[in-house]
Novice: 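My structure is below; once you've seen it, I'll send some questions.
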Number of protein chains: 2
Amino acid sequence: MERPELPLPQLHAFVVLAEELHFGHAAARLGIAQPPLSQQIRRLEDKVGYALFSRRPGGVVLTPAGHELLPAARRVLTDLASGLAAARAIGSGRAGRLRIGFAASVALTVLPGLLRTFRQRFPDVHLDIQEMTTAPQIAALHDRTIDIGLVREPYPEAELGFRTVLREPFVAVLPAAHPLAAQPAVEVAHLADLPFVLLPRAVGPQLYDQIAGLCADAGFTPRVAQHAVEWQTVCALVKTGLGVSLAPASIRRIRLEGVAFRTIEPGTARTRVAVAWRKNDENPLVAQLLATISQGQPDGF
Amino acid sequence: MERPELPLPQLHAFVVLAEELHFGHAAARLGIAQPPLSQQIRRLEDKVGYALFSRRPGGVVLTPAGHELLPAARRVLTDLASGLAAARAIGSGRAGRLRIGFAASVALTVLPGLLRTFRQRFPDVHLDIQEMTTAPQIAALHDRTIDIGLVREPYPEAELGFRTVLREPFVAVLPAAHPLAAQPAVEVAHLADLPFVLLPRAVGPQLYDQIAGLCADAGFTPRVAQHAVEWQTVCALVKTGLGVSLAPASIRRIRLEGVAFRTIEPGTARTRVAVAWRKNDENPLVAQLLATISQGQPDGF
DNA sequence: CCGTTCCATACGCCCAGAGATATCAGATGA
DNA sequence: TCATCTGATATCTCTGGGCGTATGGAACGG
């Protein structure tokens with residue numbers, strides 16, 4: 001790619017003159033006097049090295065060389081204008097692409113409303129959303145594989161910003177046939193001797209430790225009979241009688257025959273869902289999405 | 001199409017920097033010092049309105065806006081370079097398109113050699129050749145439907161230039177079985193009582209009048225039994241015995257069983273084939289073709 | 001803690017190019 | 001023949017932008 005040789009204003013003048021085929025009219029359309037236009041065209045022809053127009057009485061005609069240059073000149077101008085417009089749209093945050101990771105349980109609570117609101121405000125933004133558990137989201141943020149994470153119980157990180165978007169209590173997940181399911185609420189201590197179905201600690205250490213902490217507070221260490229990587233699966237396993245579980249309340253949205261969700265006593269423990277982003281991310285869409293969350297919060301999606 | 005806003009040198013700097021992702025290296029590739037490059041990029045970012053690069057320790061990274069602008073900038077530069085090259089190729093006469101009309105009889109003499117030589121010298125020129133009789137060629141030149149004509153016996157025209165490329169005598173066209181065909185040469189006067197097969201006067205008035213003149217000089221007016229618009233057809237009609245004809249000597253190239261061509265006495269009359277062009281045609285290919293003809297003439301194609 | 005790397009800023013120079021006004025010159029047509 | 005329309009030329013002004021050198025400031029690595 002060598003040095004560009006033709007100034008754009010001259011190309012613009014050339015295209016307009018090629019359309020008008022009349023120096024006076026073309027100059028008027030360009031908003032300049034006629035002599036400067038003659039000069040522009042002359043300079044352009046000098047640089048090309050050949051005449052682009054035949055001056056004939058009553059107007060001008062494109063030469064073969066001019067005829068060849070015209071489509072290229074048009075492309076150059078329109079490509080530039082559209083490229084500039086697109087870059088500005090992206091720079092301003094009106095358009096672009098945002099990659100969002102989310103914990104599965106979030107899909108039941110904040111995510112749908114957030115996506116709906118954001119898409120309304122930024123219809124030209126393409127959203128790539130993918131389900132990921134908390135730990136992989138943190139890694140993906142560092143990798144720049146995603147731009148926004150919706151994580152559960154994050155622990156602070158130097159490079160990342162977090163903001164809580166939801167706090168919710170825990171519920172006990174029980175087979176519907178289990179005696180404990182007959183009560184409106186259960187004490188954590190009552191789960192002490194039952195086998196547990198939990199997510200592996202690796203996919204969300206903070207949440208895991210919090211659940212373990214609930215049990216510890218009730219005086220026992222949970223015996224994990226089975227791991228599952230999605231809450232959906234946890235419910236299914238509970239249904240089959242493999243065990244019970246403790247989970248964030250939003251899991252109630254999973255309607256599954258044969259599984260009961262019960263408030264726990266004491267009900268003070270809360271789990272947080274937070275939005276996470278790279279602090280040094282300059283993508284304006286990240287700020288836009290954070291702003292959308294801030295505004296959306298009061299309305300409670 | 002509005003005013004272009006981004007100077008090309010800045011776009012060029014942008015593309016190079018986007019490839020190098022390093023101000024120092026990019027400046028070196030551009031052959032300038034580093035501070036001017038910083039300025040170029042800064043000015044460009046000011047005009048776009050948004051940052052195109054993220055300056056980070058150890059180098060720079062494209063922002064989303066910069067990433068969007070990059071392909072457009074590349075297209076602009078390459079389109080411009082290629083368009084300019086194409087326009088110059090055409091302006092210089094190395095490439096382009098030339099529309100050539102030719103009289104049918106010319107296809108037997110000058111045309112093949114001319115085309116071959118011209119194509120050798122200008123392989124990138126597209127030649128549109130079409131057979132036309134003389135009068136339509138003149139009209140087509142005025143219409144700018146063809147650029148070059150190869151005509152027989154033209155009459156001078158103000159707007160057109162002519163140059164003779166071939167002079168040839170007339171021959172008598174006879175059925176092989178005819179008694180006159182037994183002689184090596186025939187006198188025009190001997191054709192006086194025979195029916196004639198000729199091209200209509202309208203397709204080539206000058207040639208027609210010249211043939212009629214030959215007859216008048218021999219003391220008779222030809223009785224036209226049949227018209228035909230191609231020499232090929234004339235020969236065929238002569239073969240069937242419908243009449244005889246007088247034709248340019250190049251018609252001998254038509255090898256047709258049962259038709260004889262005989263030199264005529266007196267053999268002084270000559271018919272001319274000329275190349276014709278618009279005097280005010282600025283297409284360099286026209287000049288190139290005329291030059292090719294001038295050089296080719298001595299070798300006698 | 002210091003040197004290196006990398007980019008930005010400051011300042012000055014210079015010129016290509018874009019604009020204007022005034023005028024000229026060729027072709028056309030009543 | 002003359003008025004008119006075409007575009008070209010001459011001349012001047014002004015400024016944006018491209019380039020240089022010198023210097024500043026932040027981040028990183030040993």
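Each chain gets a letter, A, B and so on, in the order the sequences are listed, and its residues count up from 1.
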Novice: Can you measure His12(A) atom NE2 to dG17(C) atom P for me and round it to whole angstrom units?
Specialist: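 In whole Å, dG17(C) P and His12(A) NE2 are 18 Å from each other.
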Novice: Would one find a side-chain N or O of His22(A) under 4.0 angstrom from OP1 or OP2 of dG7(D)?
Specialist: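 Result: yes.
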Novice: Between Ser38(B) and dC7(C), is there a contact of a side-chain N or O with OP1 or OP2 at under 4.0 Å?
Specialist: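 Indeed not, no polar side-chain atom of Ser38(B) lies that close.
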Novice: For dG17(C), take OP1 and OP2 only and decide whether either is under 4.0 Å from a side-chain N or O of Lys47(A).
Specialist: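 Yes, Lys47(A) has a side-chain N/O under 4.0 Å of OP1/OP2 on dG17(C).
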Novice: For a quick test of reading the model, state the closest non-hydrogen atom pair linking Arg29(B) to Val16(B) and the distance between them.
Specialist: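 Answer, listing the atom of Arg29(B) first, then Val16(B): NH2-CG2, 3.7 Å.
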Novice: Report yes if a side-chain nitrogen or oxygen of Arg55(A) is closer than 4.0 Å to either non-bridging phosphate oxygen (OP1 or OP2) of dT6(D); otherwise report no.
Specialist: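 No, because none of the side-chain N or O atoms of Arg55(A) sits under 4.0 Å from OP1 or OP2 of dT6(D).
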Novice: What is the distance, to the nearest angstrom, from the CZ atom on Phe23(B) to the P atom on dT9(C)?
Specialist: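 Checked: the CZ to P distance equals 10 Å.
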Novice: Looking at Asp124(A) and Arg94(A), is there a salt bridge between them, counting it only when a charged N and a carboxylate O are closer than 4.0 Å?
Specialist: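 So Arg94(A) does not pair with Asp124(A) through a salt bridge.
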Novice: Taking salt bridge (charged side-chain N to carboxylate O under 4.0 Å, His left out) as the definition, give me every residue that meets it alongside Arg119(B), ordered by chain and number, with sequence neighbours left out.
Specialist: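 Scan of Arg119(B) (salt bridge (charged side-chain N to carboxylate O under 4.0 Å, His left out), adjacent residues dropped) gives none.
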Novice: Write down the distance between CD (Glu20(A)) and P (dG7(D)), rounded to a whole number of angstrom.
Specialist: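 Rounded to the whole Å, the gap is 11 Å.
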Novice: Without decimals, in angstroms, what is the distance between Leu6(B) CG and dG16(D) C1'?
Specialist: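 My rounded result for the distance is 15 Å.
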Novice: Which class fits the ring pair Phe122(A) and Phe118(A): parallel under 30°, tilted 30 to 60°, perpendicular over 60°?
Specialist: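 Answer is tilted, since the angle falls between 30° and 60°.
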Novice: Rounded to the nearest angstrom, tell me the gap between atom CZ in Arg42(B) and atom C1' in dC19(D).
Specialist: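 About 17 Å, once rounded to whole Å.
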Novice: In whole angstrom, what separates Leu21(B)'s CG from dT5(C)'s P?
Specialist: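 Atom CG in Leu21(B) sits about 20 Å away from atom P in dT5(C).
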Novice: What residues, two or more places apart in sequence or in another chain, satisfy salt bridge (charged side-chain N to carboxylate O under 4.0 Å, His left out) together with Arg88(A)?
Specialist: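 Salt bridge (charged side-chain N to carboxylate O under 4.0 Å, His left out) check on Arg88(A) returns Glu5(B).
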Novice: Judged by atom type as modelled, is there a donor-acceptor pair below 3.5 Å linking the side chain of Arg278(B) to the main-chain atoms of Leu141(B)?
Specialist: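 At least one qualifying donor-acceptor pair exists.
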Novice: Roughly how many Å is it from CD in Glu45(B) to C1' in dG17(D), rounded to a whole number?
Specialist: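 Glu45(B) atom CD is separated from dG17(D) atom C1' by 17 Å.
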Novice: Assign a letter to each nucleotide of nucleotides 18-25 of chain C from its 5' end: B, base within under 4.0 Å of a protein heavy atom; S, sugar-phosphate only; -, no contact.
Specialist: BBBBB---
Novice: Rounding to a whole Å, what distance do you find between Leu37(A):CG and dT6(D):C1'?
Specialist: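 Atom-to-atom, Leu37(A) to dT6(D), this comes out as 13 Å.
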Novice: Could you walk me through whether Glu153(A) and Arg201(A) pass salt bridge (charged side-chain N to carboxylate O under 4.0 Å, His left out), step by step?
Specialist: CA-CA 12 Å; Glu153(A) 288 301 328; Arg201(A) 184 171 186 279; over 6 Å; no
